[in-house]
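Heads up, the thing below is written out as structure tokens.
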Amino acid sequence: MPELPEIEVLRRSLEPRLRGRRIVDVAVHSPALREPLDRRRLSKLAGRRIERLGRRSKYLLVEVEGEETLVVHLGMSGRLTLAPAAAAPEAHEHLTLALDADEKLRLRDPRRFGLAFVARTKRLERDPHFRHLGLEPLAGELDGERFTALAAGRRGPVKSFLMDGRLVVGVGNIYATEALHRAGIHPARSVARIGRERWQRLAGAVIEVLEQAIREGGTTLNDFADGEGREGEFQISLGVYGRDGEECPRCGGIVRRIVQAGRSSFYCAGCQR
DNA sequence: CGGGCGGCCTGGAGGC
DNA sequence: TGCCTCCAGGCCGCCC
């Protein structure tokens, strides 16, 4: 569920609270995430000051002194939150960074699809997790021309195109679904059958939906919360996602659910062609 | 080679 | 009320 907007909301909530703070201790409670947590490498964060927080795709980047970065991915159910140092440990708490001023930053992830590792900051773009990442939608890299070029010679449904991280990053099931609704494009339409004008509209819709979701604090269906535990509100603004059988807010048509690549897609039978 | 799909994992929801 | 099944989706790896 955490897609680009959720990670950006998390970054913005944590940045003012973490910048300049010192990590005084590192505890790995349970190393079993998507990749095992590297105790030795993580423990070397102790004693370092946090310099800034960044984001690439759905990865949160905690840059520390010494040119190193703690990379965190929330998978499906991860939460990274600040708490008083004395707070009781949570269930499924995998990693805890004790900070100065009696606070701690903790990573909780019941479903364990998440990730946390340390990498040299300068080599981040060459890291296997980052090397093949596509366009960053809110960095001015996305427009109709780029979409047209990326789609050239490709096949398959446009929704899969949007969710392919090697082409565009940060767009998961919810925002791909919503962007297609706003652009009036059916999720199963082949990329080979989309013209310049529609690619332009789709690029605009992706940017618009991501920016609005950030302004509204992200989408909280089950698990998402920012660094202080606040849930998002964009779920109220969803046009079609999860609204099978309801009326389309734009045209009054009926919202339908289909399964694509094993995943739910929702679209309006009236205004998405 | 590229598109598609299964598996990883747990909690919550819904059915009986 | 309790148990069982299904479903959620990011990402990797395997298969065709």
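Every chain is numbered from 1, with letters handed out A, B, ... down the list of sequences.
- Here, C:dC11 and B:dC1 have their P atoms 24 Å apart, quoted to the whole Å.
- Among residue pairs with one or both ends in residues 53-98 of chain A, those qualifying as ring-ring contact (aromatic ring centres under 6.0 Å, His included) are A:Tyr59-A:His73, A:Tyr59-A:Phe130; sequence neighbours excluded.
- A close approach under 4.0 Å does not occur between any side-chain nitrogen or oxygen of A:His132 and OP1 or OP2 of C:dC11.
- For the salt bridge (Lys or Arg N to Asp or Glu O under 4.0 Å) test, residues two or more places apart in sequence or in another chain that qualify with A:Arg11 are A:Glu8.
- Positionally, the nearest nucleotide of DNA chain C for A:Phe113 lies more toward the 5' end than for the other of A:Tyr59 and A:Phe113.
- We find that CE of A:Met163 is positioned 10 Å from C1' of C:dC11, with the value rounded to whole Å.
- One distance of note links CD of A:Glu68 with NZ of A:Lys44; it measures 8.0 Å at 0.5 Å rounding.
- Note that the NZ atom of A:Lys58 and the NE2 atom of A:His129 stand 14.5 Å from one another [nearest 0.5 Å].
- The distance from atom CG of A:Asp244 to atom P of B:dG14 is 14 Å, rounded to the nearest whole Å.
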What's touching nucleotides 14-16 of chain C from the protein side, N or O pairs under 3.5 Å?
none

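- Taking atom P on both C:dC6 and B:dG6, the two are 14 Å apart, rounded to the nearest angstrom.
- At a threshold of 4.0 angstrom between heavy atoms, the contacts of A:Pro157 are confined to the sugar-phosphate backbone, with no base atom among them.
- Of the residues in residues 225-237 of chain A, not one comes within less than 4.0 Å of DNA chain B through any heavy atom.
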Return a table of donor-acceptor pairs under 3.5 angstrom between the side chains of residues 147-156 of chain A and protein atoms on other chains or two or more places apart.
| residue | atom | partner | partner atom | Å |
| --- | --- | --- | --- | --- |
| A:Thr148 | OG1 | A:Gly144 | O | 2.7 |
| A:Arg154 | NE | A:Leu150 | O | 3.3 |

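- Residue pairs meeting the ring-ring contact (aromatic ring centres under 6.0 Å, His included) criterion with at least one partner in residues 11-43 of chain A, sequence neighbours excluded, are absent.
- Counting heavy atoms from C-beta on, the side chains of A:Leu167 and A:Leu135 never come closer than 4.5 Å.
- At least one side-chain heavy atom of A:Glu216 sits under 4.5 Å from a side-chain heavy atom of A:Ser237.
- The two residues A:Glu93 and A:Glu90 have their closest heavy-atom pair at OE1-N, 2.8 Å.
- For A:His92, counting side-chain heavy atoms from C-beta on, the closest listed nucleotide (B:dC5, C:dC11, B:dG11) is B:dG11.
- Taking only side-chain atoms of A:Lys58, from C-beta outward, the nucleotide of B:dC5, B:dG2, C:dC11 with the closest atom is C:dC11.
- A:Tyr267 belongs to a hydrophobic cluster whose remaining members, ordered by chain and number, are A:Ile258; membership requires side-chain heavy atoms of ILVMFWY residues under 4.5 Å apart, directly or through intermediates.
- The interatomic distance linking A:Leu4 (CG) with C:dG10 (P) rounds to 12 Å, in whole Å.
- Residue pairs meeting the salt bridge (charged side-chain N to carboxylate O under 4.0 Å, His left out) criterion with at least one partner in residues 163-177 of chain A, sequence neighbours excluded, are A:Asp164-A:Arg166.
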Within the sub-3.5 Å range, which N or O atoms of nucleotides 4-8 of chain C have a protein N or O partner, and how far apart are they?
| residue | atom | partner | partner atom | Å |
| --- | --- | --- | --- | --- |
| C:dA8 | OP1 | A:Arg257 | NH2 | 3.2 |
| C:dA8 | OP1 | A:Ser264 | OG | 2.7 |
| C:dA8 | O3' | A:Tyr241 | OH | 3.3 |
| C:dA8 | N1 | A:Arg111 | NH2 | 3.3 |
| C:dA8 | N3 | A:Arg111 | NH1 | 3.0 |

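- The side-chain contact (heavy atoms from CB on, under 4.5 Å) search around A:Ala32 returns A:Ser30, A:Arg112, not counting sequence neighbours.
- The side chain of A:His73 places an N or O atom within less than 4.0 Å of a non-bridging phosphate oxygen (OP1 or OP2) of C:dC11.
- Taking a pair as Watson-Crick or G-U with both hydrogen-bonding distances under 3.5 Å, the stems of three or more pairs touching DNA chain C are B:2-8 with C:10-16, B:10-16 with C:2-8.
- For the atom pair CG of A:Leu53 and CG of A:Leu14, the computed distance is 6.0 Å after rounding to the nearest 0.5 Å.
- Among all heavy-atom pairs drawn from A:Pro157 and A:Gln260, the shortest one is CB-NE2, 3.6 Å.
- Residue pairs meeting the side chain to side chain donor-acceptor pair (under 3.5 Å) criterion with at least one member in residues 198-209 of chain A, sequence neighbours excluded, are A:Arg182-A:Glu208.
- Rounding to whole angstrom units, CG of residue A:Asp164 and C1' of C:dG13 are separated by 14 Å.
- The distance between atom CZ of A:Arg131 and atom P of C:dC11, rounded to the nearest whole Å, is 17 Å.
- Using atom C1' as the reference point in both B:dG11 and C:dC12, the two lie 23 Å apart (nearest Å).
- Between A:Gly156 and A:Arg112, it is A:Gly156 whose nearest contact on DNA chain B lies nearer the 5' terminus.
- Distance CD1 (A:Ile258) to P (B:dG4): 13 Å, rounded to an integer number of Å.
- Between the OH atom of A:Tyr175 and the P atom of C:dG10 there is a distance of 11 Å, rounded to whole Å.
- At whole-Å resolution of the value, CG in A:Leu33 and P in C:dG10 are 17 Å apart.
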